[in-house]
2 protein chains.
Amino acid sequence: MKISAKGEYGMRAMAILALEFPAGPVPLREIARREEIPYQFLEQIFIPLRHAGLINSVRGAKGGYILAKAPSEIKVGDIIRALEGPIAPVDCVAENDADVCSRSTACLTKGIWQRLRDSMAEVLDDITLADVIKMSDQ
Amino acid sequence: MKISAKGEYGMRAMAILALEFPAGPVPLREIARREEIPYQFLEQIFIPLRHAGLINSVRGAKGGYILAKAPSEIKVGDIIRALEGPIAPVDCVAENDADVCSRSTACLTKGIWQRLRDSMAEVLDDITLADVIKMSDQ
DNA sequence: TGAAAGCCGAGTAATTTACTCAGGATTAAA
DNA sequence: TTTAATCCTGAGTAAATTACTCGGCTTTCA
């Protein structure tokens, strides 16, 4: 029930981008240095974040990354989904609900996983990056 | 954010034991057959469940496994903890709270993980095996 | 032009997962 | 008292996943 380093690093990087949102684009090197994340790994992590439309890149010297929307418009759930895939403790209750469990007895436990999934999604979709940086400066 | 096959199989097996609780011990072979779980893998899964005191074994012919307590006394959270370890999306907020995150900036995201952990634990500790079998026969 | 940045596909070492294998110990029933 | 059914255990292993690295190209500012 753990998220991967990709998800954890990505969330920390996005929190930095939220903090620096007013200041403009932040280069990956700086994020890597501040958060002690391997630079080349961070590059890989930013690909799905960009494809999900959560960040914009500015190429060339003085470039970097910046949130595509205000921190208050970006839900933690969006970030997790971009990096870790659909929120679901087991595949058969994936959020797209392409529910393909042939087993009848799987239904014994399906209810549990649905409730867990819903509770996880509710928490993650209730917190925005604005909340994240507000939480931490207290 | 997925549970492993170990956790999923284990939960299904425990649901069977809850169903058959009044009838006495169920041999592993039968559970393996009914739930289409590899028998030798299921053997491995039952070791931590027994060590956690959730099931009792009856050795020899006509033996098998039986819940150590009534289904209403066994929380889904107990099963997950026995099979998957402490409920925590990242190690630094493990339930024992041996919080060892040296990083100050890790605290940017710590609040998220704590809230997610608490919400997951609340759901899983709110559902007992009695609820599981009640849910499914509707 | 050159340095600072992002972009990208491929490769790889380490770890974890999902099992299997071989055999021993216990007990009910024939 | 043998036999078959069952639990118990440690070790091994193939496949998948994770957590990266490598090399090189492209874009842009000064």
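Chain letters run A, B, ... following the sequence lines, proteins first, then strands; residues in each count from 1.
Atom CD1 in B:I31 sits about 12 Å away from atom C1' in D:dT6, given to the nearest Å. In this structure, B:Q40 places its CD atom 15 Å from C1' of D:dA14, rounding to the nearest Å. In this entry the distance linking NZ of A:K2 with P of D:dA19 reads 12 Å, nearest Å. Rounded to an integer number of Å, the gap from CE of B:M1 to P of D:dT18 is 13 Å. Atom C1' of nucleotide C:dC21 and atom CG of B:L42 are separated by 17 Å, given to the nearest angstrom. Going from atom CZ of B:F46 over to atom P of C:dC19 covers 15 Å, rounded to whole Å. Whole-Å rounding puts the B:I45 CD1 to D:dT9 C1' distance at 16 Å. Taking atom NZ of residue A:K6 and atom C1' of nucleotide C:dT16, one finds them 17 Å apart after rounding to whole Å.
Ranked by how close their nearest DNA chain C nucleotide is to the 5' end, A:R29 and B:P38 are led by A:R29. Both A:A5 and A:E43 lie close to DNA chain D; mapped to their nearest nucleotides by heavy-atom distance, the more 5′-ward contact belongs to A:A5.
Across all non-hydrogen atoms, the minimal contact from B:M1 to B:P89 is CE-CB, 4.2 Å.
Note on A:D125 versus A:R81: salt bridge recorded, some NZ/NE/NH1/NH2 to OD/OE distance being below 4.0 Å.
Among the heavy atoms of the strands lying under 4.0 Å from A:Y65 are primed sugar atoms or P, OP1, OP2 only; no base atom is included. Note on A:I47: nothing from the nucleic acid sits closer than 4.0 angstrom, heavy atoms only.
Judged by distance alone, the side chain of A:R115 and the main-chain N or O of A:G111 form no donor-acceptor pair under 3.5 Å. Remark: the backbone N or O of B:R59 is not paired with any side-chain donor or acceptor of B:S57 at under 3.5 angstrom.
Between B:T128 and B:S72, the side chains place no donor N or O within less than 3.5 Å of an acceptor N or O (distance only, hydrogens not considered). A side-chain donor-acceptor contact under 3.5 Å links A:E84 and A:S4.
When distances are taken from the side chain of B:P27 to each of D:dT6, C:dG6, C:dC19, the shortest belongs to D:dT6.
Note that B:R29 lies in the cation-pi zone of B:Y39, set by a 6.0 Å cut-off to the ring centre and a 45° limit from the axis.
On a pure distance criterion of 3.5 Å, no polar donor-acceptor pair joins the side chain of B:Q44 and the base of C:dC19.
At a non-hydrogen distance threshold of 4.0 Å, B:R59, B:G60, B:A61, B:K62 from residues 51-64 of chain B come into contact with DNA chain C.
For D:dC8, one of the phosphate oxygens OP1 or OP2 lies less than 4.0 angstrom from a side-chain nitrogen or oxygen of B:R50. A:Y9 has no side-chain polar atom (N or O) that falls below the 4.0 Å cut-off from OP1 or OP2 of D:dA19. Distances shorter than 4.0 Å separate none of the side-chain N or O atoms of B:Y39 from OP1 or OP2 on D:dA5.
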